[in-house]
Colleague: 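Have a look at this one before I ask anything.
By convention in this document, chain letters (A, B, ...) are assigned in the order of the sequence lines, proteins followed by strands, and residues within each chain are numbered from 1.
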Protein chains: 2
Amino acid sequence: MSLKYAVLAALLEGEASGYELSKAFDVSFANFWPATPQQLYRELERLAQDGLVEARFVQQERRPNKRMFTLTPAGREDLRAFAVEPPRRPSAVRDELLIKLQAMEDPEAAHALIEERMTWARGKLDRYERVRDRLLDGRTEDEFLRESDRVGPYLTLLRGISFEEENLRWCERVLAVLKHRVGRG
Amino acid sequence: MSLKYAVLAALLEGEASGYELSKAFDVSFANFWPATPQQLYRELERLAQDGLVEARFVQQERRPNKRMFTLTPAGREDLRAFAVEPPRRPSAVRDELLIKLQAMEDPEAAHALIEERMTWARGKLDRYERVRDRLLDGRTEDEFLRESDRVGPYLTLLRGISFEEENLRWCERVLAVLKHRVGRG
DNA sequence: ACCTCATAGTCAATTAGTTGAGTAGGTGCC
DNA sequence: GGCACCTACTCAACTAATTGACTATGAGGT
């Protein structure tokens with residue numbers, strides 16, 4: 001149900017192909033609603049059938065043809081109505097690493113997993129930083145927030161950034177605890 | 001696949017009924033692997049069939065009968081092997097509120113949603129605090145970390161706590177941004 | 001000449017997760 | 001005396017998500 005609105009929200013940024021959306025869902029949208037390309041294509045099909053998006057074929061010369069999708073007025077209205085309703089379900093985190101950590105008996109193995117997570121988090125922060133630069137487009141944050149019509153994308157990006165920063169701080173904390181335990185009984 | 005190991009990890013704390021597990025998945029485990037009671041009962045059935053847990057019927061007088069589940073050596077070994085492997089999939093957050101915020105045009109409505117989220121986050125922090133007190137059982141954190149055999153449950157709890165704290169900080173930030181926009185063109 | 005990567009998808013099968021109802025006795029509150 | 005909530009599940013139907021394979025074309029490197 002929510003994927004539907006995530007797709008509609010993504011199309012607020014303008015016309016896009018399924019492939020382009022799958023790129024967007026790989027970076028910014030992945031922070032709060034991950035989706036695979038297959039999910040997106042299926043959802044776009046449904047949305048088109050329901051008249052919430054409009055599809056148009058684009059013939060291409062040096063690339064495969066594609067379909068570009070745009071929000072219809074009905075889609076825009078549906079999204080607007082969704083946005084002001086309180087969420088039906090609470091936010092959920094699914095993190096396999098934490099299951100492993102919960103069960104872990106071997107501090108060395110735990111250390112390795114945490115290090116890996118930190119590398120990955122730093123990579124993600126780098127990518128967020130690039131998305132942020134593209135959004136701000138040379139302006140300072142204050143300028144952007146004053147000028148821009150829609151602050152939503154920036155605020156959700158901030159959530160992604162603060163999540164990964166906190167993630168890293170927690171990892172440091174875990175490493176400190178584990179350090180005391182390596183070589184211990 | 002991961003729910004399986006989440007259940008096994010939960011049973012590391014000792015024998016439990018499906019109902020008790022569903023309580024655990026409502027509080028501590030919900031931070032990193034949410035599951036409904038129905039999912040748990042189904043999973044326990046499978047685990048019992050695969051010989052990773054053992055079930056025993058317990059007749060009760062003033063309450064419905066129940067089945068208590070214990071880890072078998074095979075289950076323990078399967079979990080141990082899982083724990084030291086790097087995660088197959090990255091962590092995922094699913095948060096309907098962020099879809100709404102991404103799409104939001106109305107600062108007043110956004111304000112209301114964020115306030116609601118803050119109330120909810122404070123409630124969750126309170127519950128975590130109670131779980132923490134029960135874990136520490138009168139000891140200081142340092143004492144606990146030195147004495148306890150398994151630090152996993154404490155470290156995952158810390159992740160839940162730091163997640164919600166960061167959540168609240170981000171909410172404050174969003175409110176500050178929204179404040180500037182209310183009553184603006 | 002071959003191989004990999006990027007674009008731009010589709011199809012089918014399976015697993016995972018959600019929702020709602022039903023059963024059934026016990027406890028606590030006003 | 002009634003009603004809601006707690007314990008402790010089970011069943012069935014449904015929707016969502018994952019996985020892997022497949023189709024095509026072009027670009028760039030070795």
Colleague: Which nucleotide in the list C:dA16, C:dA24, C:dC11 gets nearest to the side chain of B:P64?
Modeller: C:dA24
Colleague: Report the residue (B:M1 or A:G18) whose heavy-atom-nearest nucleotide on DNA chain C is the more 5′ of the two.
Modeller: A:G18
Colleague: Can you list the other members of the hydrophobic cluster that holds B:M68, where links are side-chain heavy atoms under 4.5 angstrom apart?
Modeller: B:V58
Colleague: Touch check for B:S17, heavy atoms < 4.0 angstrom, all strands: base, sugar-phosphate only, or nothing?
Modeller: sugar-phosphate
Colleague: Between the base of C:dT18 and the side chain of B:R42, is there a donor-acceptor distance below 3.5 Å?
Modeller: yes
Colleague: Which nucleotide sits closest to the side chain of A:K66: C:dA16, C:dT19, C:dG9?
Modeller: C:dG9
Colleague: Would one find a side-chain N or O of A:Q60 under 4.0 angstrom from OP1 or OP2 of C:dA8?
Modeller: yes
Colleague: Please round to 10 degrees the angle between the axis of the first five pairs and the axis of the last five pairs in the helix from C:dA1-D:dT30 to C:dC30-D:dG1.
Modeller: 40°
Colleague: For DNA chain D, which nucleotides open and close the run of contacts to chain B, 5' to 3', at under 4.0 angstrom from a non-hydrogen atom?
Modeller: D:dC6 to D:dT19
Colleague: Establish, with yes or no, whether the OP1 or OP2 oxygen of C:dT7 is under 4.0 angstrom from a side-chain nitrogen or oxygen of A:Y19.
Modeller: yes
Colleague: Quickly, which of A:E165, A:E166, A:R159 forms a side-chain hydrogen bond (donor to acceptor under 3.5 Å, both in side chains) with A:S162? Name it, please.
Modeller: A:R159
Colleague: On DNA chain C, does the nearest nucleotide to A:R67 precede the nearest nucleotide to B:A35 from the 5' side, or the other way round? Give the residue.
Modeller: A:R67
Colleague: Examine distances only and state if a side-chain atom of A:R134 and a backbone atom of A:V131 form a donor-acceptor pair shorter than 3.5 Å.
Modeller: no
